[in-house]
Amino acid sequence: PQNTTPQPTPQPTAQPNQGIQVTAGPPPGTHAFGYGETLLVNQCFDLVTGVVATCSDAAADIKFTFAPGQGGYILPLHESEHSAGMGSQPSKATCEASSTFPLPLEMLLPSETSTGDYYCFVTQRGLMVYYGWIRPTAFDASGLTFDWKTFQP
């Protein structure tokens, strides 16, 4: 007599695929970005490449200054402009549609009253126009801490 009891078919154990590596990168549509970036007083920053730049360099987009007893100032440089503040993170379309001005962004003391808003910016490199936002998160007499994102042109 043969055993007619069905035997379970062994199932292969799934093996992880070693060929796929997931790396965190910029959100889709992002050219460059940073969180918790620090810019010291009188330093300049390039919002297209995300590096501290020499203030005389045409790639420098903003400069941070501080006036004791008054507050901090983000100065737009070399054709860079920014919008009025917004309470929530803007999209590229929102920044493209925003009115921008080449005026200093004044942040009054205490810093908690002047941080947290998003400011769209526009800057240019040759024929390429870049939009993005900057969000000051803290500042004092030594420097500025901010988050920023530059969208793909």
Side-chain angles (χ1 to χ4, degrees), residues 14-153:
Q15 296 297 317
N17 184 338
Q18 299 300 327
I20 298 174
Q21 295 295 324
V22 178
T23 55
T30 302
H31 177 76
F33 71 106
Y35 297 97
E37 195 79 48
T38 298
L39 192 59
L40 301 177
V41 169
N42 295 321
Q43 273 191 328
C44 295
F45 194 79
D46 177 346
L47 292 164
V48 174
T49 61
V51 297
V52 172
T54 304
C55 294
S56 60
D57 185 337
D61 295 304
I62 58 171
K63 178 178 182 176
F64 179 70
T65 63
F66 187 84
Q70 294 178 25
Y73 298 88
I74 297 175
L75 309 175
L77 301 173
H78 309 115
E79 301 180 33
S80 174
E81 296 185 352
H82 63 81
S83 71
M86 305 173 200
S88 60
Q89 184 175 317
S91 66
K92 181 180 182 184
T94 298
C95 287
E96 287 175 337
S98 294
S99 296
T100 57
F101 309 95
L103 302 173
L105 175 55
E106 183 178 26
M107 298 177 296
L108 302 176
L109 293 170
S111 68
E112 298 77 35
T113 63
S114 297
T115 54
D117 277 352
Y118 294 84
Y119 299 87
C120 286
F121 68 81
V122 59
T123 190
Q124 196 163 337
R125 293 293 183 282
L127 299 176
M128 303 298 283
V129 176
Y130 293 88
Y131 290 90
W133 54 258
I134 181 171
R135 179 179 179 247
T137 56
F139 69 92
D140 59 24
S142 61
L144 166 73
T145 303
F146 62 100
D147 299 337
W148 61 280
K149 178 176 181 174
T150 302
F151 298 104
Q152 290 285 1

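This one's a predicted model, so the numbers in the text were calculated from it and none came from an experiment. Side chains are part of it too, since the values below use all heavy atoms of this structure and drop only hydrogens, waters and symmetry mates.
Taking each heavy atom of Cys95 and Gly132 in turn, the nearest pair found is SG-O, 3.4 Å. Of all heavy-atom pairs between Gly69 and Leu109, the closest is C-CD1, 4.0 Å. Among all heavy-atom pairs drawn from Ala60 and Cys55, the shortest one is CB-O, 4.0 Å. Between Gln124 and Glu79, the shortest heavy-atom distance links the atoms OE1-OE1, 4.4 Å. Minimum interatomic distance between Phe139 and Met107 (heavy atoms only, all atoms of both residues): CZ-O, 3.3 Å. Gly116 approaches Arg135 most closely through the heavy-atom pair O-NE, 3.0 Å.
Using a 4.5 Å heavy-atom threshold, the side chains of Thr30 and Thr150 count as separate. Counting only heavy atoms from C-beta outward, the side chains of Ile74 and Leu144 approach each other to under 4.5 Å. In this structure, the side chains of Leu77 and Asp61 stay at 4.5 Å or more apart for every pair of heavy atoms.
Distance check: Thr38 OG1 to Leu40 CG gives 7.5 Å after rounding to the nearest 0.5 Å. One distance of note links CG of Leu105 with CD1 of Ile134; it measures 7.5 Å at 0.5 Å rounding. We find the CH2-CD distance between Trp148 and Glu37 to be 6.5 Å, quoted to the nearest 0.5 Å. Rounding to the nearest 0.5 Å gives a distance of 11.0 Å between CZ of Phe121 and NZ of Lys149.
Classification of the Phe45-Phe146 ring pair by plane angle, with boundaries at 30° and 60°, yields perpendicular. Using cut-offs of 30° and 60° on the angle between ring planes, the pair Phe64 and Phe66 is tilted.
Remark: the backbone N or O of Tyr73 is not paired with any side-chain donor or acceptor of Glu106 at under 3.5 angstrom. Side-chain atoms of His78 do not come within 3.5 Å of backbone N or O of Ala59 as any donor-acceptor pair. Panel note: side chain Asp147, backbone Gly36; a donor-acceptor pair is recorded below 3.5 Å.
The side-chain hydrogen bond (donor to acceptor under 3.5 Å, both in side chains) analysis of residues 81-90, with sequence neighbours excluded, yields the pairs Glu81-Thr100. Sequence neighbours left out, not one pair with a member in residues 107-122 passes side-chain hydrogen bond (donor to acceptor under 3.5 Å, both in side chains).
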Discussion item. Is there a side chain to side chain donor-acceptor pair (under 3.5 Å) between Thr123 and Arg125? Walk through the geometry before answering.
Written reply: CA-CA 7 Å; Thr123 190; Arg125 293 293 183 282; 3.2 Å; yes
